[in-house]
Amino acid sequence: MYKAAVMGDRDSIYGFAALGLDIFPETDPAQAAKRLRTLAGGNYAVVYITEALAAQIEEEIDKYRSAPLPAIILIPGLSGNTGKGIGSVRKSVEQAVGSDIIFQEN
């Protein structure tokens, strides 16, 4: 059975444990990249990563963009929304559909 994980700073992710997701507090980019490799090799279908942490390990995340699993989804952390999450979704949708169909409200 596949599982879901959340990576990021402890304060941003600890609430996800109440939802049944496995949490992995990471702030060091090298450790976070190693953890992502471990999760990708395990039974994790979805890995949520805070936008702040994802910005530090973009190269590692890019290795999994075309892989069927795990789906890597960026989420805002306590530091706020940087827009990287919606940008990532926009890019994926554009690749799948062939055009940008996600509109931002002003």
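All heavy atoms count here, side chains included; hydrogens, waters and symmetry mates do not.
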Output the distance between atom [atom1] ([X]) and atom [atom2] ([Y]), rounded to the nearest 0.5 Å.
| X | Y | atom1 | atom2 | answer |
| --- | --- | --- | --- | --- |
| Ile72 | Lys63 | CD1 | NZ | 11.0 Å |
| Ile23 | Tyr48 | CD1 | OH | 15.0 Å |
| Glu26 | Ile13 | CD | CD1 | 8.0 Å |
| Ile73 | Ile61 | CD1 | CD1 | 12.0 Å |

Close side-chain approach of [X] to [Y], heavy-atom, < 4.5 Å:
| X | Y | answer |
| --- | --- | --- |
| Asp62 | Arg65 | yes |
| Phe24 | Thr38 | no |
| Met7 | Leu39 | yes |

State, to 0.1 Å, how close [X] and [Y] come at their nearest heavy-atom pair, and which atoms those are.
| X | Y | result |
| --- | --- | --- |
| Ala32 | Leu53 | CB-CD1, 3.7 Å |
| Asp22 | Lys3 | OD2-CD, 3.8 Å |
| Thr50 | Ser12 | CG2-CB, 3.9 Å |
| Ala54 | Ile49 | N-CG2, 3.7 Å |
| Glu60 | Leu36 | CG-CD2, 3.9 Å |

Q.
When you group the ILVMFWY residues by side-chain heavy-atom contacts below 4.5 Å and let the links chain together, are Tyr2 and Tyr64 in the same group?
A. no
Problem set entry | Residues, nucleotides or ligands: over 12 heavy atoms within 6.0 Å of Arg10 CZ | no
